[in-house]
Q: 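Following this message is one structure expressed as structure tokens.
A, B, ... follow the sequence lines: proteins, then strands. Residue 1 opens every chain. Source: prediction; values computed, not measured.
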Number of protein chains: 2
Amino acid sequence: MSPIPSTTDTLTIREMCEAFAVTPRTLRFYEAKELLFPIRKGTARLFTKQDRARLLLILRGKRFGFSLEDIRQLLDMYDRDGSNEAQLQRTYDLGCDRLAQMEAQRAELDEAIADLKIQLAEGAASLAAFRRAAAE
Amino acid sequence: MSPIPSTTDTLTIREMCEAFAVTPRTLRFYEAKELLFPIRKGTARLFTKQDRARLLLILRGKRFGFSLEDIRQLLDMYDRDGSNEAQLQRTYDLGCDRLAQMEAQRAELDEAIADLKIQLAEGAASLAAFRRAAAE
DNA sequence: AGAGCGCTTGACGTTAACGTAAATGTAACG
DNA sequence: CGTTACATTTACGTTAACGTCAAGCGCTCT
């Protein structure tokens, strides 16, 4: 057999990369940043079902423009909701803060979009004027 | 008189900073990047009406998410042939592209906000359960 | 045993848009 | 003339999220 086709339900780094279209460097980076926790068989990494679930969430978070640090905190919220009350409360508060940031961001984005639309309308008017002049 | 109150219709760097809420560093940086071309009276900078118009466009472009390099190219195009229809069309198209990107970004953001709200609702439920348990 | 992958761990490189510090200049006030 | 208060240039520092070597280990195929 060639490149070790994951015998169990764990994936090698290469399989993981292909499954999620990321580079090995990225996976090692995420591990160093404590976003992923692959099993270490000797020096090699084996990515579990949990790691796959986490990576899915990481990539989604990135598409939304969150920083990896934000994502790490959110992931903590996702898995440790069975801990003690104080911890859960802290996590919940963190999530609320994050939500507020996101809504503020959306407000700014909406404003920028509105402004850009105005600019585009003016541009369209200028273009129309040009064309009327040329059509004379 | 203290800090040279612009005698003509040019502004000193400080006046410019106050007028646009930017730092001196930013203005020098923009000059180095060839986004602004203040008159050099000796070593000092004097910002003309043109510079003010350009800075306004720069700041607006930044709000729309254009990079400084993108903005520089747009400004240069306008300097060379400001009243060229093809040029105006090109700028308009770029604006439309950006608008599409921003709206896509907003859609994703909305989705993320919805997801996070779900997570928070679950967190709130867990907390409530904890408290019901603790209440007895 | 030797060749050749693929994986591993460092560790420095990259990009954007400035921040910040150091050394120096210069204009006006007193 | 000295001090204050800015100004200027030069150049290194910052942050995020990896990219890109470099050098070595561990299997496997032959």
Side-chain angles (χ1 to χ4, degrees), chain A residues 1-7 10-47 51 54-55 57-75 98 101 105, chain B residues 1-8 10-47 51 54-55 57-75 98 101:
Chain A
M1 290 154 178
S2 22
I4 312 169
S6 69
T7 87
T10 62
L11 299 186
T12 67
I13 197 169
R14 187 54 58 183
E15 290 166 341
M16 194 76 168
C17 288
E18 278 162 18
F20 291 92
V22 296
T23 67
R25 180 68 181 92
T26 297
L27 295 180
R28 294 184 192 116
F29 182 73
Y30 289 171
E31 185 188 5
K33 287 282 178 178
E34 304 196 283
L35 287 157
L36 296 177
F37 307 93
I39 298 169
R40 302 306 291 262
K41 175 130 186 181
T43 76
R45 292 170 175 82
L46 291 177
F47 295 87
D51 291 315
R54 290 175 73 91
L55 182 52
L57 293 174
I58 292 168
L59 296 178
R60 195 174 65 170
K62 268 173 55 67
R63 282 196 10 256
F64 297 156
F66 296 123
S67 73
L68 289 184
E69 176 55 21
D70 290 338
I71 292 168
R72 194 183 60 76
Q73 291 175 9
L74 287 175
L75 283 176
R98 186 60 204 151
Q101 289 174 36
Q105 188 182 337
Chain B
M1 290 147 177
S2 28
I4 311 171
S6 67
T7 91
T8 77
T10 61
L11 299 186
T12 67
I13 196 169
R14 185 56 57 182
E15 290 167 341
M16 193 76 169
C17 289
E18 277 163 18
F20 292 92
V22 296
T23 69
R25 180 67 181 91
T26 298
L27 295 180
R28 295 185 192 114
F29 182 73
Y30 289 171
E31 186 189 4
K33 287 283 180 177
E34 304 196 285
L35 286 158
L36 295 177
F37 306 94
I39 298 169
R40 300 308 289 264
K41 175 126 185 179
T43 76
R45 293 169 175 82
L46 291 177
F47 295 87
D51 290 315
R54 289 175 73 91
L55 183 52
L57 292 174
I58 292 167
L59 296 179
R60 184 184 298 161
K62 270 171 57 68
R63 284 202 59 224
F64 296 158
F66 288 109
S67 73
L68 289 184
E69 176 56 20
D70 289 342
I71 293 168
R72 191 185 62 76
Q73 289 175 14
L74 287 173
L75 287 176
R98 215 36 309 267
Q101 288 175 37

Q: Could you work out which one of dT8(C), dT8(D), dA17(D) sits closest to the side chain of Arg40(A)?
A: dT8(C)

Q: Pull out every protein N or O sitting under 3.5 Å from an N or O of nucleotides 19-26 of chain C, one pair per line with the distance.
A:
unit_1  : atom_1 : unit_2   : atom_2 : d
dG19(C) : OP2    : Thr23(B) : OG1    : 2.8
dG19(C) : N7     : Arg25(B) : NE     : 3.2
dG19(C) : O6     : Arg25(B) : NH2    : 3.3
dT20(C) : O4     : Arg25(B) : NE     : 3.0

Q: Using whole Å, report how far CG of Leu68(B) lies from P of dA16(C).
A: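 Nearest whole value for this atom pair: 9 Å.
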
Q: Measuring from the side chain of Arg28(A) (C-beta onward, heavy atoms only), which nucleotide among dT9(D), dA17(C), dC7(C) has the closest atom?
A: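 Of all the options, the side chain of Arg28(A) is nearest to dC7(C).
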
Q: Take the protein atom CD of Glu69(B) and the nucleotide atom P of dA17(C), then report the distance between them rounded to whole Å.
A: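 Atom-to-atom, Glu69(B) to dA17(C), this comes out as 9 Å.
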
Q: With a 4.5 Å limit on heavy-atom distance, are the side chains of Leu36(A) and Arg45(A) in contact?
A: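 Contact flag for Leu36(A)/Arg45(A) side chains = no.
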
Q: How many Å lie between CG on Leu11(B) and P on dA7(D), as a whole number?
A: 13 Å

Q: Under 4.0 Å from OP1 or OP2 of dC18(C): is there any side-chain N or O of Lys62(B) that close?
A: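 Indeed, a polar side-chain atom of Lys62(B) lies that close.
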
Q: Of the options dA17(D), dT9(D), dA17(C), whose atoms approach the side-chain atoms of Ser67(B) most closely?
A: dA17(C)

Q: With the side chain counted from C-beta on, respond yes when Leu55(B) and Leu59(B) share a heavy-atom pair under 4.5 Å apart, and no when they do not.
A: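 Side-chain contact under 4.5 Å: yes.
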
Q: Expressed in angstrom and rounded to an integer, what is the separation of Ile39(A) atom CD1 from dT8(C) atom P?
A: 14 Å

Q: Distance check, rounded to the nearest 0.5 Å: Arg14(B) atom CZ versus Leu27(B) atom CG?
A: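 If I round to the nearest 0.5 Å, the distance is 9.5 Å.
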
Q: Which heavy atom of Arg98(B) sits nearest to which heavy atom of Gly65(B), and what is that distance?
A: NH1-CA, 3.4 Å

Q: For dT8(D) and Arg45(B) - does any side-chain N or O of the residue sit under 4.0 Å from the phosphate oxygens OP1/OP2?
A: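 Yes.
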
Q: Where along residues 29-38 of chain B does a heavy atom fall under 4.0 Å from DNA chain C?
A: Phe29(B), Tyr30(B)

Q: In whole angstroms, how far is the P atom of dC18(D) from the CD1 atom of Ile13(A)?
A: 14 Å

Q: Figure out the CZ/P separation between Arg14(A) and dC27(D), and round it to whole Å.
A: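 So the CZ-P distance, Arg14(A) to dC27(D), works out to 19 Å.
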
Q: Given side chains that start at C-beta, do those of Ile13(B) and Arg28(B) come closer than 4.5 Å, heavy atoms only?
A: yes

Q: Could you state the CD1-C1' distance from Ile71(B) to dC18(C), rounded to the nearest angstrom?
A: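 In whole Å, dC18(C) C1' lies 14 Å from Ile71(B) CD1.
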
Q: Checking Phe37(A) against Arg54(A) for the side-chain contact (heavy atoms from CB on, under 4.5 Å) test, could you report, in this order, the C-alpha distance in whole Å, the side-chain angles of both residues, the deciding distance, and whether it holds?
A: CA-CA 10 Å; Phe37(A) 307 93; Arg54(A) 290 175 73 91; 3.6 Å; yes

Q: Check Leu74(B), Leu35(B), Thr26(B) against Ile58(B) for a side-chain contact (heavy atoms from CB on, under 4.5 Å) and give me the one that passes.
A: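 Passing option: Leu35(B).
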
Q: For Leu27(B) and dT9(D), what is the distance between atoms CG and C1' respectively, to the nearest whole Å?
A: 16 Å

Q: Is it true that Glu69(A) and Gln73(A) share a donor-acceptor pair across their side chains at a distance under 3.5 Å?
A: yes

Q: Considering all heavy atoms of both residues, which atom of Thr23(A) and which atom of Cys17(A) are nearest to each other, and what is their separation?
A: C-SG, 3.5 Å

